[in-house]
Amino acid sequence: MVKQIESNPLPNYIAMVSILLMAVGTVFVFSAGVNLSQDFDLQRFYDFPSLRQILFFPLAVLIMYTVSCFDYRRFSFKSWFKSPTIYLLLLSLALLILVLIPGIGVEKNYARRWLEIPAGQIRISFQPSELAKWSILIFLAAFCDKFSDSLKLFWKRFVPICMIVGLVVLLIILEDFGTAALIALLAFLILLVAGVKWWHILAPVPIGLIGFAVAIMSSESRRERIAAFLQPEKWADSANYQANQSLIALGSGGLWGKGLGMGICKYGHLPEDTTDFIFAIIGEEMGFIGTAAVILLFIAFAWLGILVVVRCKDRFGQLLAGTVVLAITIQAALNIGVVTVVLPTKGIPLPFVSAGGTSMLMSAFAVGILINIARHSTKESLEDSK
């Protein structure tokens, strides 16, 4: 019995699945970004997203390994001023405010979501909403653990935490509707799992729906995306063009795909092919087998994460592990839903796979926490068996 527990490979399996997903992403981002219309200048290596991803991959693995050695219980609120969770959230709020200031926040694709950090001859882009997403989710897990006995108190516990989440969502929704909606969804799921009363969860829903409705109606592009989803034929050459091209890429791949690097949708036909629609490129070049393999990897990640939650005997560890699993799997499901046109088009990246250093590094950070929880759960099981 002791030998079985000692040789428990659960943390290694989680790391292997995550690294494999990052490797798949690096390969296909490079494939999507490399086409005949581009001439790479290695002196400007960092200017090309497909080449930058090659740098982010080993850095993400290093971050995942480093964080996995950091005791996850330090993120709890046992000591308010010693917990890094508080400082991460405060830093996130400060950066979210800075990115909205013209001249400081960098605007790309008609949205101001990035900060640029000069580093010699290159400028490193950073997306504060990704840091804010994980900061508020870790904060939620720590808050629910700290006040588990009084979490069902509406005015004393539920309202304050909703105000904090609402502040983060409000700052993000101004420029990034998809991430804001994802955070709101995950926050309510975490609170529900933590034991908040049903009617507490339902109480702010009307306010949230009104807020999101206002955010949609105030943006012409968002209105067009909803209209295109409801009437795809009418918007085939405009707002629904991206979705149509995504389906063409997936359908043209057939069972086995056209072969790695042999896709043609990346030649200007499919916008955001290296980021939000990288799954379509995988489908075109590797076919149904390739997309099914990616989906199976995410299912494996979810299953391994559930095992961590079940085996962990620490409430904070359970909440934190569940938060990481929920965030990554739901985000993956939403991205795949958008690419397959089951959901309206929205900019939500595929975790580990889509191009973007901030998303990959922050996801690796979260997985490092999950691996650490898995290791501690194994040690606790070993001690109990003795």
Side-chain angles (χ1 to χ4, degrees), residues 9-30 33 42 45-75 83-85 87-88 91-92 95 114-135 137-138 274-275 278 294 297-298 300-301 304-305 308 317 320-321 323-325 327-329 331-332 349-379:
L10 184 57
N12 294 333
Y13 284 164
I14 295 171
M16 287 168 57
V17 170
S18 303
I19 291 173
L20 189 54
L21 281 168
M22 286 189 280
V24 168
T26 302
V27 169
F28 282 97
V29 166
F30 185 81
L42 292 181
F45 185 92
Y46 196 81
D47 292 340
F48 298 95
S50 54
L51 297 180
R52 283 203 304 267
Q53 203 72 5
I54 298 175
L55 295 177
F56 294 142
F57 179 29
L59 183 58
V61 175
L62 178 61
I63 288 175
M64 184 175 67
Y65 173 76
T66 303
V67 175
S68 70
C69 299
F70 184 85
D71 190 348
Y72 75 90
R73 287 170 290 198
R74 294 185 181 180
F75 288 100
S83 173
T85 304
Y87 300 105
L88 280 175
L91 175 63
S92 300
L95 294 177
W114 291 267
L115 293 173
E116 284 194 346
I117 304 170
Q121 297 182 349
I122 63 175
R123 300 181 70 85
I124 301 173
S125 295
F126 175 76
Q127 196 168 357
S129 60
E130 282 293 322
L131 175 62
K133 177 181 71 178
W134 286 110
S135 297
L137 294 179
I138 295 172
T274 61
T275 53
I278 189 64
V294 172
L297 284 173
F298 278 110
F301 178 87
L304 293 170
V308 175
L320 194 54
T323 296
V324 173
V325 175
I328 289 177
T329 53
Q331 185 173 331
L350 186 61
F352 306 117
V353 182
S354 292
T358 310
S359 175
M360 178 181 277
L361 297 181
M362 290 307 303
S363 296
F365 171 84
V367 172
I369 296 175
L370 182 63
I371 292 172
N372 185 263
I373 297 171
R375 287 176 178 170
H376 277 276
S377 300
T378 302
K379 290 178 181 178

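We're numbering straight along the sequence, starting at 1.
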**Student:** Going from CZ on Phe126 to CE on Met362, what distance comes out if it is rounded to the nearest 0.5 angstrom?
**Tutor:** 7.0 Å

**Student:** Side chains of Tyr87 and Leu91: closer than 4.5 Å at any heavy-atom pair?
**Tutor:** no

**Student:** How long is the straight-line distance from CZ of Arg73 back to OG of Ser83, given to the nearest 0.5 Å?
**Tutor:** 14.0 Å

**Student:** For the atom pair OG1 (Thr323) and CD1 (Ile328), what is the distance rounded to the nearest 0.5 Å?
**Tutor:** 11.0 Å

**Student:** Decide yes or no on side chain to side chain contact (heavy atoms under 4.5 Å, CB included) for Ile138 and Phe365, but give the supporting numbers first.
**Tutor:** CA-CA 12 Å; Ile138 295 172; Phe365 171 84; 3.9 Å; yes

**Student:** Are any of the side-chain heavy atoms of Trp134 and Val324 separated by less than 4.5 Å?
**Tutor:** yes

**Student:** Using side chain to side chain contact (heavy atoms under 4.5 Å, CB included), reason through Arg375 and Ile371 one step at a time and then give a plain yes or no.
**Tutor:** CA-CA 6 Å; Arg375 287 176 178 170; Ile371 292 172; 3.8 Å; yes

**Student:** Measure across Val308 and Ala321 and return the closest heavy-atom pair with its distance rounded to 0.1 Å.
**Tutor:** CG1-CB, 4.0 Å

**Student:** What is the minimum heavy-atom distance between Asn372 and Ser68, and which atoms define it?
**Tutor:** ND2-O, 2.7 Å

**Student:** If you round to the nearest 0.5 Å, how far is OG1 of Thr26 from CG of Leu55?
**Tutor:** 10.0 Å

**Student:** Between Phe298 and Phe352, how do the two ring planes meet: parallel, tilted or perpendicular, split at 30° and 60°?
**Tutor:** parallel

**Student:** Let me see the working for Leu88 and Leu131 under side chain to side chain contact (heavy atoms under 4.5 Å, CB included), right down to the final yes or no.
**Tutor:** CA-CA 8 Å; Leu88 280 175; Leu131 175 62; 4.3 Å; yes

**Student:** Just wondering, more than 12 heavy atoms not from Phe70 lying within 6.0 Å of its CZ?
**Tutor:** yes

**Student:** For the CE atom of Met22 and the CG atom of Leu59, what is their distance to the nearest 0.5 Å?
**Tutor:** 10.0 Å

**Student:** Around atom OH of Tyr13, are there more than 12 heavy atoms of other residues, nucleotides or ligands at under 6.0 Å?
**Tutor:** no

**Student:** Report yes if some heavy atom in the side chain of Arg52 is under 4.5 Å from a heavy atom in the side chain of Val29; otherwise report no.
**Tutor:** no

**Student:** I need the minimum non-hydrogen distance between Pro128 and Leu115, along with the two atoms involved.
**Tutor:** CG-CD1, 3.8 Å

**Student:** Could you report the tightest heavy-atom contact between Ala374 and Pro11, atom names first, then the distance?
**Tutor:** CB-CG, 3.8 Å

**Student:** If you take all heavy atoms of Ala300 and Val17, which pair is closest and at what distance?
**Tutor:** CB-CG2, 4.4 Å

**Student:** Would a 4.5 Å heavy-atom cut-off, applied to side chains only, mark Phe301 and Leu370 as touching?
**Tutor:** yes

**Student:** Is there side-chain contact between Pro349 and Gln331, with heavy atoms separated by less than 4.5 Å?
**Tutor:** yes

**Student:** State which residues pass side chain to side chain donor-acceptor pair (under 3.5 Å) with Ser354; sequence neighbours excluded, sorted by chain then number.
**Tutor:** none

**Student:** Are the side chains of Gln127 and Ser359 in contact, using a 4.5 Å heavy-atom criterion?
**Tutor:** no

**Student:** What pair of heavy atoms forms the shortest contact from Ser18 to Met64, and how long is it?
**Tutor:** CB-SD, 4.1 Å

**Student:** For the CD1 atom of Ile14 and the CG atom of Leu304, what is their distance to the nearest 0.5 Å?
**Tutor:** 5.5 Å

**Student:** Are the side chains of His376 and Asp71 in contact, using a 4.5 Å heavy-atom criterion?
**Tutor:** yes

**Student:** Determine whether Phe30 and Thr274 make a side-chain contact, defined as any pair of heavy atoms from C-beta on separated by less than 4.5 Å.
**Tutor:** no

